[in-house]
There are 2 protein chains.
Amino acid sequence: MKEDFMHSLGHLALAARFKRISDAMIHSGRQMYKSLGWDIEPNWYLVFCLLEEKGARTVTQMADDLGYTHPSMVNMIKKMQLAGYVEAVSDEQDGRKQWVKLTEKSTQHLPEFHRLWNGGISWAEELLPPETGFLELLSKLETQLKERDFKDRTLDRFHDEK
Amino acid sequence: MKEDFMHSLGHLALAARFKRISDAMIHSGRQMYKSLGWDIEPNWYLVFCLLEEKGARTVTQMADDLGYTHPSMVNMIKKMQLAGYVEAVSDEQDGRKQWVKLTEKSTQHLPEFHRLWNGGISWAEELLPPETGFLELLSKLETQLKERDFKDRTLDRFHDEK
DNA sequence: TATATTTGCGTAGTCAACTACATAAATAAT
DNA sequence: ATTATTTATGTAGTTGACTACGCAAATATA
């Protein structure tokens, strides 16, 4: 087993390790869908689950729900629409709004999709069970960063110790 | 406090949350350097620390040390070289190898850089102290994903439950 | 010794997030 | 009623990771 230099950096390398892990999982997820011959992409599950729970939703609402910027949402939805998984319907009162909703194709495939996703969930749950408190620590981190971002928190300490 | 839809997805949204956090920290880090008027970028600290510890290193070695692909390393080093923080010296025996090492500019600025990084570290250590086992859980996750990737682990479970 | 393979580095093109800007509809203000 | 602001969506360009490919030097094999 080779030692990992990033690990030796401890808390310093936190962001880089998060990125490395998420990149690896997302890339692996893409390969997974490809190997199954499914025409969906990593992260689309966020939209699928969101629309399953909340029904029709506008682009801006979805961006807000998921914590993405709206241009990211637009790109994602555009692709899902092209693949036939969602459709957009203009609001009758408000000409700006586009209500995005799942199509027939989605409702057909979602049970199978969920079976796959459950495979991933069960692995993650075994590795990081509730008693480890991992997800709560992640939430704490996210909450703190939302309240006052990494830059400001770091600069505070930097200037204090001057 | 608004509830976060991703949190409601539990272990399903793990990769997306890792990505969201790292993106936020990296972006915030970039703003931080800009606000200080420093001409360095997020993630360069990995190279700085690596070269401080190991001295001169080739591109391929560094990619291996840090777990990046070599083209990523090439891009990073190219920029650091342009900014004057590293220099590349050709190996005398082996004409392919480029030994990358820190410049005078680096040794001048690194003490100040470390003071800043320590600010970030102290925040992260307070939030995720050793007794939470957070870094160990992260390492466990990385180790498992390296042994057998996310796709294969998920597909195993998917096919087993058929 | 000639040829094939491996190794180190580099380039080109892809991808999903971002910021900044643009546009058009709805709403508020004068 | 006109004008200004806000809101919803869309477009363009940047970023840092990736894969795939190319090339030249070193090494192994025939």
Side-chain angles (χ1 to χ4, degrees), chain A residues 6 15-31 33-34 40-47 56-82 86 88-100 149 151, chain B residues 6 15-31 33-34 40-47 56-81 86 88-100 149:
Chain A
M6 269 200 210
R17 285 171 75 182
F18 282 146
K19 179 150 184 63
R20 223 172 43 167
I21 296 172
S22 69
D23 281 351
M25 289 179 77
I26 289 166
H27 178 256
S28 195
R30 191 181 308 282
Q31 299 305 113
Y33 293 133
K34 193 186 279 181
I40 60 175
E41 290 182 24
N43 289 355
W44 287 13
Y45 72 86
L46 294 169
V47 175
R57 211 86 178 120
T58 69
V59 171
T60 308
Q61 282 174 339
M62 295 172 76
D64 190 48
D65 289 334
L66 297 174
Y68 287 107
T69 58
H70 85 268
S72 302
M73 242 21 266
V74 169
N75 284 328
M76 215 156 145
I77 294 301
K78 207 191 289 173
K79 287 190 209 160
M80 292 183 75
Q81 201 169 357
L82 263 166
V86 298
V89 186
S90 295
D91 186 290
E92 303 211 335
Q93 273 79 45
D94 190 334
R96 297 166 305 176
K97 285 186 184 170
Q98 293 280 314
W99 291 99
V100 178
D149 76 0
K151 168 195 154 201
Chain B
M6 271 201 208
R17 285 171 74 182
F18 282 146
K19 180 153 181 59
R20 223 172 43 166
I21 294 173
S22 69
D23 281 352
M25 288 179 77
I26 289 166
H27 177 256
S28 195
R30 189 182 309 283
Q31 299 306 113
Y33 293 133
K34 194 185 281 181
I40 60 174
E41 290 183 23
N43 289 355
W44 287 12
Y45 72 87
L46 294 168
V47 175
R57 212 87 178 118
T58 70
V59 171
T60 309
Q61 282 174 340
M62 296 172 76
D64 190 49
D65 289 334
L66 297 174
Y68 286 106
T69 58
H70 84 268
S72 301
M73 251 4 278
V74 169
N75 284 328
M76 216 154 143
I77 294 301
K78 206 190 291 173
K79 286 189 209 161
M80 291 183 74
Q81 202 170 356
V86 298
V89 185
S90 295
D91 187 288
E92 303 211 334
Q93 274 79 45
D94 190 334
R96 298 166 304 176
K97 285 186 184 170
Q98 293 280 313
W99 291 99
V100 178
D149 77 359

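Letters go in sequence order (proteins before strands), and every chain restarts at 1.
- Between the side chain of A:S22 and the backbone N or O of A:F18, at least one donor-acceptor pair lies under 3.5 Å.
- Side-chain contact between A:Y68 and A:L46: present, with at least one pair of heavy atoms (C-beta onward) separated by less than 4.5 Å.
- Rounded to an integer number of Å, the gap from B:D91 CG to C:dT7 C1' is 13 Å.
- The closest side-chain heavy-atom distance from A:W44 to A:V86 is not below 4.5 Å.
- Residues from residues 20-27 of chain A with heavy atoms under 4.0 angstrom of DNA chain D, sorted by number: A:D23, A:H27.
- Remark: P of C:dT14 and NZ of A:K79 are 13 Å apart, rounded to the nearest angstrom.
- Note on A:R96: every side-chain N or O is 4.0 Å or more away from OP1 and OP2 of D:dT6.
- Rounding to whole angstrom units, CG of residue B:L66 and C1' of D:dA17 are separated by 14 Å.
- Between the C1' atom of C:dA25 and the CH2 atom of A:W99 lies a distance of 16 Å, rounded to the nearest Å.
- Among the nucleotides D:dG16, C:dC9, D:dT9, the one closest to the side chain of B:K97 is C:dC9.
- Nearest-nucleotide assignment on DNA chain D puts the 5′-proximal partner with B:N43, out of B:Q93 and B:N43.
- The pair B:R96-B:D94 meets the salt-bridge criterion, with a side-chain N (NZ, NE, NH1 or NH2) lying under 4.0 Å from an Asp/Glu carboxylate O.
- In this structure, B:M62 atom CE and C:dG10 atom P are separated by 12 Å, rounded to whole Å.
- Using a 4.5 Å heavy-atom threshold, the side chains of B:Q98 and B:T58 count as separate.
- In this structure, B:W99 and B:S90 have side chains that are not in contact, with every pair of non-hydrogen atoms separated by 4.5 Å or more.
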Exercise for the section: Determine, stepwise, if the pair B:Y45 / B:V47 fulfils side chain to side chain contact (heavy atoms under 4.5 Å, CB included). Expected result: CA-CA 5 Å; B:Y45 72 87; B:V47 175; over 6 Å; no
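- For the segment residues 67-78 of chain A, residues with any heavy atom less than 4.0 angstrom from an atom of DNA chain D are, sorted by number, A:H70, A:P71, A:V74, A:K78.
- The CG-P distance, from A:L82 to C:dC15, rounds to 13 Å in whole Å.
- When each of C:dC9, D:dT9, C:dA26 is scored by its nearest atom to the side-chain atoms of B:V59, the top-ranked nucleotide is C:dC9.
- Following rounding to the nearest Å, A:E92 (CD) and C:dA26 (C1') show an atom-to-atom distance of 17 Å.
- Taking 4.0 angstrom as the limit, A:T60 places a side-chain polar atom (N or O) nearer than this to OP1 or OP2 of D:dT9.
- Nucleotide D:dG16 holds its P atom 12 Å from the NZ atom of B:K19, rounded to whole Å.
- When each of A:D64, A:D65, A:D91 is checked for a salt bridge (Lys or Arg N to Asp or Glu O under 4.0 Å) with A:R57, only A:D65 meets the rule.
- When the options B:M73, B:Q61, B:M62 are evaluated for a side chain to side chain contact (heavy atoms under 4.5 Å, CB included) with B:V100, the one that passes is B:M62.
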